[in-house]
Amino acid sequence: MTDDERRQDAEASPLRRIDRKTNGEIRPTERLAMNRTGSFDWDLDARTLDIDEAGLMVFGVDPATFDARPGTLLEHLEPAERARLDVTIDEAITGGSNSYSVHFRVPLDDGTIQWTHVQARILRSKDGRAHRIVGVVRDATAEVTHSAFVLDLEKRRQRQTNIVERTTSAMSRAVTVDDVTAALTGPGGLARLGADGLALGLVENSALNIVALSGESLEVLDGLGSGDLDRDLPLADTIRSGRPRFITSLAALARRYPELEPHLGKLRFRAAAYLPLVAQARSLGGLALFYRERTVFNADERILCLGLAAIVAQSLQRAMLFDEEREFATQLQSAMLPPRIQDVEGGEIAVRYHAAWSGRQVGGDWYDVITLPNNRYGLVVGDVQGHDTHAAAIMGQLRIALRAYAAEGHPPATVLARASRFLAELDTDRFATCTYAQVDLASGAVRVVRAGHLGPLIRHTDGRVGSPQVRGGLPLGISTDLHDEEYPETRLDLVPGETFVLYTDGLVEEPGADLDTGVDALRNEVSAGPAGAEALADHLSERLWERWGSGDDVALLVLRRSPDVGSTHAPRLHQYIHQADPEGLSDARAIVREALADWHLAEFADDAELVTGELLVNVLLHTEGGAVLTLEVLPEPVRRIRLSVQDRSSAWPRRRTPGETSTSGRGLLLLDAVATRWGIEPRGEGKAVWCEIGPPPPAATTPPSTANGQG
């Protein structure tokens, strides 16, 4: 740039209007060197600038050569700095401001850069026009440099604080050792620690076990991880000595630990911190942190690493203690549950138990299968209030007491009443819920009682799932305290091939949803699952526990009565129709028609469907329970259909002669007209009305049975 160009560029500045006014005395050079602050008086109307010698020295201008033009002060500035200064002054003058302050850089003759600060006040006339600016100019290099250092220091300290805070927060949520390792190696784990890799090793039986690896690490290489604690390797050495080691040279690392030398080419980190993990004077293991870019550890960084090691050590100690306590509690709980479930004659039983995953939540859920006389079994599922070892201990005592009362032969209602009394007499304020069922697999009869617990589910042979209305009483313990030990009994029928499901509330309590939603989901999974008891129990475990991540204990008991399908020449099906199921009647008629089509007896479907409807309606209208429908094909020589409807009523139907306007009384007449033969048989606590449809048998038919009762 020529002298003319520099002059024109300087005069384009707002300062170009100034002509020099010289006055004042010259200060000694020594005082100027010590006092790097000057003052100026800028007359905008006269276009003159009066700046003292100290101010000129700040700009690096010789007072003897200063020509009073502002451009002389600005010639040495970089264009960007000059433009920034111009914009600041113009905005202050035109914007009505009374002052401005600006920092800018001034290159000096010795090649250094000086930070310069101008603080000015704008004087205006009555009409608001700026006519004069007075202010100070000073060397702010030391101030700005110190400020940058402080900002950098504060930035580093804030980063270290963030590392400590984030690590502390993550470790505070870790309950088990697995939680600790997941927090270190999971998403964001290395970022929280400010490292590029880590290895965590724990001391177990005088050996080093690497339990966590992430990112770049030495221990990930073959043969350098878990093993003998006496090996001459850095992490093991740190644990043995109890002293931290900060490595900033891989060559020095190999010289100290020769076994590492063949592996140096595989390593991409440049520094490492090996930190012992010690809590309450107990050596737990060691933590190694690896860095790609770092080459030194200053005092603050070493303190930070040691602080991180202390946080991890304290979390590990707490987690180890928790794991030990939980293992003890879980073993106690498991010891109080049946070690195995016996095989049952005429059916298949499967049980599943799922312990809560969070906290010390060993609880009081239990299941049991009790062998009773005459091929009967007692099925129990219950839940003691609370999630601690006390709840587990109460559960064990209550399970044994209930088993003893059932084995004495008491009816279900008495079993629960005595169990409630037993719990109330214990020195505890806990209560328990329970469902108890006595099942006769020979007849399919089920007697169920509930004590504040969820009722059972029944999966029918066609895959439908019902929730029978089982009346219930108060929870065990509470009922005795309130002098209300009544547990009404509900009788159900389990036909061959049907499945009986008992469960505790942990299986249906989905976070954020009500209990009915969980029960509906369970019904759907029971319906969609496989037929076998073991397979269905596995299906429910995988679908529901995995789906909801149960935070509660869960007990599940599945009983399937062995199917009775007859043979290929004489097939057979059974179906239970609940009295409270409005769709059961139409479903039964459809099942009969479909079965006869599959058995190549579709020509008898109309008659069989008509008789099915009449017999079932008779039971559902005139008795207090449901009905069991059995449809089978009688074998050769004459292939006929045999249809039976069983109920618990002791009253037998009787033939009547209905009038023209009667709405009932025609059932036995229709049966007599359609069936080849029919009859009534006593069945346990009730009866069965049966009929045969098809060609007559070769021998003489037996006259139909008659008895007093509804028709």
Practice problem: Take Leu476 and Tyr487 through the side chain to side chain contact (heavy atoms under 4.5 Å, CB included) test and state the conclusion after the steps. | Solution: CA-CA 10 Å; Leu476 303 180; Tyr487 293 101; 3.7 Å; yes
Using a 3.5 Å distance criterion without hydrogens, assess whether the side chain of [X] forms a donor-acceptor pair with backbone atoms of [Y].
X      : Y      : value
Arg561 : Leu441 : yes
Glu348 : Ala533 : yes
Ser479 : Glu485 : no
Glu525 : Arg543 : no
Asn524 : Asp520 : yes
Ser214 : Leu198 : no
Ser541 : Ala537 : yes
Asn209 : Glu204 : no

Practice problem: Please report the C-alpha distance between Leu402 and Asp368 in whole Å, then the side-chain angles of each, then the deciding distance to 0.1 Å, and finally whether the side chain to side chain contact (heavy atoms under 4.5 Å, CB included) criterion is met. | Solution: CA-CA 10 Å; Leu402 195 147; Asp368 206 351; over 6 Å; no
How many angstroms lie between [atom1] in [X] and [atom2] in [Y], if you round to the nearest 0.5 Å?
X      : Y      : atom1 : atom2 : value
Asp553 : Thr504 : CG    : OG1   : 7.5 Å
Ile113 : Thr141 : CD1   : OG1   : 9.5 Å
Arg245 : Ile247 : CZ    : CD1   : 7.5 Å

Exercise. Evaluate salt bridge (charged side-chain N to carboxylate O under 4.0 Å, His left out) for Asp237 paired with Arg243, printing each intermediate quantity in order.
Key: CA-CA 9 Å; Asp237 187 16; Arg243 296 192 303 272; over 6 Å; no
Practice problem: Quick one: sort the Phe297 and Phe246 rings into parallel, tilted or perpendicular, breaks at 30° and 60°. | Solution: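 Tilted.
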Practice problem: Could you check whether the rings of Phe269 and Phe290 sit parallel, tilted or perpendicular, using 30° and 60° as the cut-offs? | Solution: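 Ring orientation, 0 to 90° scale: tilted.
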Would you say the side chain of [Y] lies within less than 4.5 Å of the side chain of [X], judging by non-hydrogen atoms?
X      : Y      : value
Thr168 : Met171 : no
Val558 : Leu556 : yes
Leu235 : Ile210 : yes
Met320 : Arg282 : yes
Tyr377 : Leu372 : no

Exercise. Taking all non-hydrogen atoms of both residues into account, name the closest pair between Gln342 and Ile370 and its distance.
Key: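 Gln342 and Ile370 have their closest heavy atoms at NE2-C, 4.4 Å.
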Quiz prompt | Smallest separation among heavy atoms of Ala309 and Leu275, with atom names | solution =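 That would be CB-CB, 3.7 Å.
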Quiz prompt | Derivation of the salt bridge (charged side-chain N to carboxylate O under 4.0 Å, His left out) call for Glu498 and Arg459 | solution = CA-CA 6 Å; Glu498 286 189 332; Arg459 169 174 160 159; over 6 Å; no
Quiz item: side-chain contact (heavy atoms from CB on, under 4.5 Å) with Asp179: which of Val177, Thr181, Val175?
Solution: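 The option that passes is Val175.
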Practice problem: Please report the C-alpha distance between Glu408 and Arg418 in whole Å, then the side-chain angles of each, then the deciding distance to 0.1 Å, and finally whether the salt bridge (charged side-chain N to carboxylate O under 4.0 Å, His left out) criterion is met. | Solution: CA-CA 12 Å; Glu408 289 175 355; Arg418 294 196 173 192; 3.7 Å; yes
Quiz prompt | is_close_aromatic(Tyr503, Tyr367), centroid dist under 6.0 Å | solution =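 No, the ring of Tyr503 stays outside the 6.0 Å limit from the ring of Tyr367, centre to centre.
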Practice problem: Take Cys434 and Val381 through the side chain to side chain contact (heavy atoms under 4.5 Å, CB included) test and state the conclusion after the steps. | Solution: CA-CA 6 Å; Cys434 176; Val381 161; over 6 Å; no
Quiz prompt | Candidate pair Val312 and Leu184, rule side chain to side chain contact (heavy atoms under 4.5 Å, CB included), full reasoning | solution = CA-CA 9 Å; Val312 174; Leu184 293 175; 4.3 Å; yes
Strictly by modelled atom types, are [X] and [Y] linked by a side-chain donor-acceptor pair under 3.5 Å?
X      : Y      : value
Arg523 : Ser527 : no
Thr435 : His453 : no
Arg376 : Gln438 : yes

Quiz item: What residues, two or more places apart in sequence or in another chain, satisfy ring pair (Phe, Tyr, Trp, His ring centres under 6.0 Å) together with His117?
Solution: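 Applying ring pair (Phe, Tyr, Trp, His ring centres under 6.0 Å) to His117 gives His103.
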